[in-house]
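The shown structure was predicted, so the numbers you read here are calculated from the model rather than taken from an experiment. Every number for a ligand or one of its atoms is a count from 1 in the order of the listing.
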Amino acid sequence: MKRLFLLPLCILLALSLLAGCSSSPSGPAYRFEPGIYSGEGQGYGGTIIMEVEVNESRIIGILIESNRETAGISDPAFERIPRMIIETQSVAVDTVAGATLTSRGIINAVKTALLSAGATEKQLAAVGRRSGKKSAQIRLETEVVIIGGGGAGYSAALTALEAGSDVIVIDKLAMIGGNTRAAGSAVNAADPALQRLKQMSPSELARIEELLALSPRDEYMRRWQENIKTDIDAYKAQRATYLYDSPSLHKLQTYYGGDYVAKPELLEIFGDSALDSINWLTTLGAGWTDDISAAVGATWPRSHMPNFNFGPRGSNFVLPQEKKYTELGGKTCTEYKADKILMEGGRAVGVSGITANGTPFTIRTSKGVIIATGGFGANVQMRQKYNKHWATLDANVPTSNIATATGDGIVMGEAAGANLIGMEWIQLVTGSPKGGFTASIYNSIYVNKDGDRFIREDGRRDELSGAVLKQPNSFFWFVSDGHTIDDIMHGVDYKGNVIRDNVDNKELFIADTIEELAIKIGADPAKFRKAVADFNAAVGGAPDPLGRQLFEFRLDKPPFAAGYGFAQVHHTMGGLDINESCQVLNKSGNPIPGLYAAGEVTGGIHGGNRLGGNAIADILTFGRIAGKSAAEGK
Ligand code: ADP
């Protein structure tokens with residue numbers, strides 16, 4: 001099966017993997033051909049595509065992708081149905097009230113995938129049985145508990161376990177891996193040994209010099225600039241041409257790229273530890289491609305790409321730690337949803353919550369509680385509460401995050417006295433549902449529902465997203481023509497589907513004239529014609545009415561294509577305030593004893609804008625620090 005995992009363009013995605021404290025469920029006696037299979041079902045908003053992983057006899061993972069369901073309303077279906085299917089090993093599960101059509105779409109897509117994997121119709125009709133018994137109350141004790149089994153959580157868990165502590169990881173889903181598993185696949189670190197093999201262009205050197213010319217905001221920034229300047233002076237004296245990088249440049253670019261909102265003391269650690277974190281993952285079995293590249297929005301070629309030996313997308317950033325942790329006897333309790341940090345005398349002493357079958361639990365800890373529950377990109381209410389910079393982040397704005405990213409740890413942490421920082425910094429990116437229509441921006445325009453152009457298409461990502469949100473129904477059409485259409489029509493989208501097959505599926509339309517295309521997408525032909533005419537005049541040298549500067553060809557070569565696109569919430573930069581030891585700080589800036597946090601649940605690292613490829617370096621680095629600090633009972 002051909003699979004391409006280049007960009008995380010799906011809107012909702014959940015990858016389920018059975019793990020945890022419960023015993024095995026019973027289900028039909030499947031005989032599968034082990035592998036990953038794809039299936040489609042019709043949901044409320046369109047096609048839902050799911051990928052299902054099976055071994056010889058069991059459904060072991062479910063990946064759900066849907067970008068057309070209504071965020072918020074469909075979330076419970078995405079959260080519950082895959083979990084129930086894995087738990088009962090059966091697709092004869094109940095639909096979720098209020099999201100019936102989405103539920104059916106999910107179930108039908110999994111069915112189709114399972115049929116391809118070798119299941120029979122009879123097996124698919126069989127009802128499964130849930131495992132586990134409901135008991136009055138579960139009480140567990142350990143030294144360190146970690147709330148959230150994503151990349152930060154398992155980095156912390158393995159570190160604490162290897163430091164000699166008893167550890168329990170809990171996760172509210174039946175799956176482990178969190179949003180990390182759905183992440184785009186790159187991790188940034190200055191790695192001069194590899195980067196020396198590449199060349200640096202004069203314009204790249206000029207970019208470094210621009211950063212050196214900035215007036216320093218604080219002593220950290222001054223020091224980073226001085227370190228880089230010393231290196232660059234020597235570089236020039238040697239007449240070197242290799243690609244320069246250093247931890248100081250990584251820190252400076254992250255600080256600058258995040259509009260100086262980050263805490264520089266955290267960036268100091270971040271930049272110094274990123275390569276170590278990659279090497280640590282390598283010792284756990286993660287593999288990498290040979291080349292260093294620049295992830296979208298990374299601002300410098302220092303992105304390390306995994307070779308996917310642990311599976312697609314971000315699996316490589318969480319499964320290596322999880323595997324070692326489990327091999328060493330670390331415990332994971334899935335379907336344990338935490339709702340409260342237990343506090344005694346100002347100290348965090350455990351966590352309480354409820355399991356999926358409704359049993360309340362408490363886990364008491366003697367050393368520490370680590371919050372690693374991820375961001376809040378999928379929590380519409382929280383997005384709306386904290387948003388200051390976007391026209392709206394209501395339920396019409398989709399997210400690239402999985403449905404678990406609901407900010408639970410932020411709410412629990414705040415209730416335990418934590419300070420929150422940078423909550424208003426929410427990152428959006430523009431995307432298209434199938435990811436298949438990615439013509440060069442040089443030769444494309446954005447038009448809205450009516451057919452009007454509304455933004456210079458060569459602008460920053462946040463400018464594009466902001467402008468899209470202000471359009472009717474918050475979407476746009478990405479329009480291109482025959483200069484790139486051949487490529488489009490012969491290409492495959494990021495899932496490996498042939499793009500030609502997506503035409504006229506309500507997301508991608510092709511026509512021989514601009515007028516015909518306008519009619520197909522329901523735009524006003526006169527407005528659409530004017531949008532194209534203005535652009536074409538600008539390609540010819542006239543000033544662009546929207547100030548665009550990058551051009552290649554006129555839009556004048558049939559066929560013409562329009563692809564549906566939208567802005568989506570991608571990352572939440574704010575969260576729990578932590579210090580260099582990952583201790584959670586209270587509103588007076590003092591550590592809350594026994595309480596630690598790492599990963600997207602924290603704030604202060606990415607500032608106002610996260611650079612592409614920095615999130616994974618963050619969760620690995622600070623996850624390990626949180627694990628060490630908790631094990632030491634700091
Ligand atoms: P990070 O990238 O910071 O590691 P992820 O999103 O990858 O964050 O992982 C966070 C994990 O936390 C997810 O697996 C999610 O299911 C889990 N989680 C979120 N809220 C809770 C909660 N209330 N109780 C238990 N687990 C939770």
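Near Gly178, meaning under 4.0 Å from one of its heavy atoms, ligand 1 places the atoms 7 (O), 9 (O), 13 (C), 14 (O). When each atom of ligand 1 is checked for a heavy atom of Thr404 under 4.0 Å away, the hits are 15 (C), 16 (O). For ligand 1 and Ala372, the ligand atoms under 4.0 Å from any heavy atom of the residue are 10 (C), 11 (C), 12 (O). Near Gly599, with a cut-off below 4.0 Å to any heavy atom, the atoms of ligand 1 are 3 (O).
Ring geometry for His389 against Trp425 counts as parallel: the plane angle stays under 30°, on a 0 to 90° scale with 60° as the upper cut.
Side chains of Asn188 and Ser303: a donor on one and an acceptor on the other come within 3.5 Å. Checking Thr254 against Asn614 by side-chain atom types alone, a donor-acceptor pair falls below 3.5 Å. Residues Glu143 and Thr365 have side chains that never bring a donor and an acceptor to within less than 3.5 angstrom of each other. A donor and an acceptor atom, one from each side chain of His571 and Asn401, are nowhere located under 3.5 Å apart.
With respect to the salt-bridge test (charged N to carboxylate O, under 4.0 angstrom), the residues Glu344 and Arg364 qualify. Ionic pairing of Asp272 and Lys251 is present here: one or more N-O contacts between side-chain nitrogen and carboxylate oxygen are shorter than 4.0 angstrom.
The shell of residues lying under 4.0 angstrom from ligand 1, judged by heavy atoms, includes Tyr336. At least one heavy atom of Gly177 lies less than 4.0 angstrom from ligand 1.
Considering backbone and side-chain N/O of Ala152, one or more are found under 3.5 Å from N/O of ligand 1. Note: an N/O pair closer than 3.5 Å links Ala338 and ligand 1 by distance alone. Every N/O-N/O distance between Lys337 and ligand 1 stays at or above 3.5 Å. Polar contact with ligand 1: present for Gly151 (N/O pair, distance under 3.5 Å).
Among protein heavy atoms, atom 9 (O) of ligand 1 sits closest to Gly150 CA, 3.3 Å. Residue, atom and distance of the protein heavy atom nearest to atom 3 (O) of ligand 1 are Glu600 N, 2.8 Å. Atom 26 (N) of ligand 1 has Lys172 N, 3.0 Å as its closest protein atom, hydrogens excluded (heavy atom only). If you check which protein heavy atom lies closest to atom 11 (C) of ligand 1, you get Asp171 OD2, 3.6 Å. When hydrogens are left out, the protein atom nearest atom 2 (O) of ligand 1 is Thr180 OG1, 3.0 Å; that is the closest non-hydrogen contact. Nearest protein heavy-atom neighbour of atom 5 (P) of ligand 1: Asn179 N, 3.5 Å. For atom 12 (O) of ligand 1, the closest non-hydrogen atom of the protein is Gly148 CA, 3.1 Å. Among protein heavy atoms, the minimum distance from atom 8 (O) of ligand 1 is reached at Gly374 CA, 3.4 Å.
When non-hydrogen atoms are compared, ligand 1 lies under 4.0 Å from neither the backbone nor the side chain of Ala405. When non-hydrogen atoms are compared, ligand 1 lies under 4.0 Å from the side chain of Asp408 (C-beta onward) but not from its backbone. Residue Ile147 touches ligand 1 through its side chain alone, judged by heavy-atom distances below 4.0 Å.
Checking Asp191, Thr282, Asn316, Asn309 one by one against Trp288, the side-chain hydrogen bond (donor to acceptor under 3.5 Å, both in side chains) holds for a single residue, Thr282.
The salt bridge (charged side-chain N to carboxylate O under 4.0 Å, His left out) analysis of residues 397-413, with sequence neighbours excluded, yields the pairs Lys172-Asp408, Lys337-Asp408. Applying the salt bridge (charged side-chain N to carboxylate O under 4.0 Å, His left out) test to pairs two or more places apart or on separate chains, those with a residue in residues 572-582 are Lys263-Asp577.
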Evaluation steps, side chain to side chain contact (heavy atoms under 4.5 Å, CB included), between Ile578 and Leu266: CA-CA 9 Å; Ile578 55 166; Leu266 295 181; 4.1 Å; yes

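Here CZ of Phe270 is found 6.0 Å from NE2 of His606. Values are rounded to the nearest 0.5 Å.
In terms of modelled atom types and a separation under 3.5 Å, the side chain of Ser465 and the main chain of Ala567 share no donor-acceptor contact.
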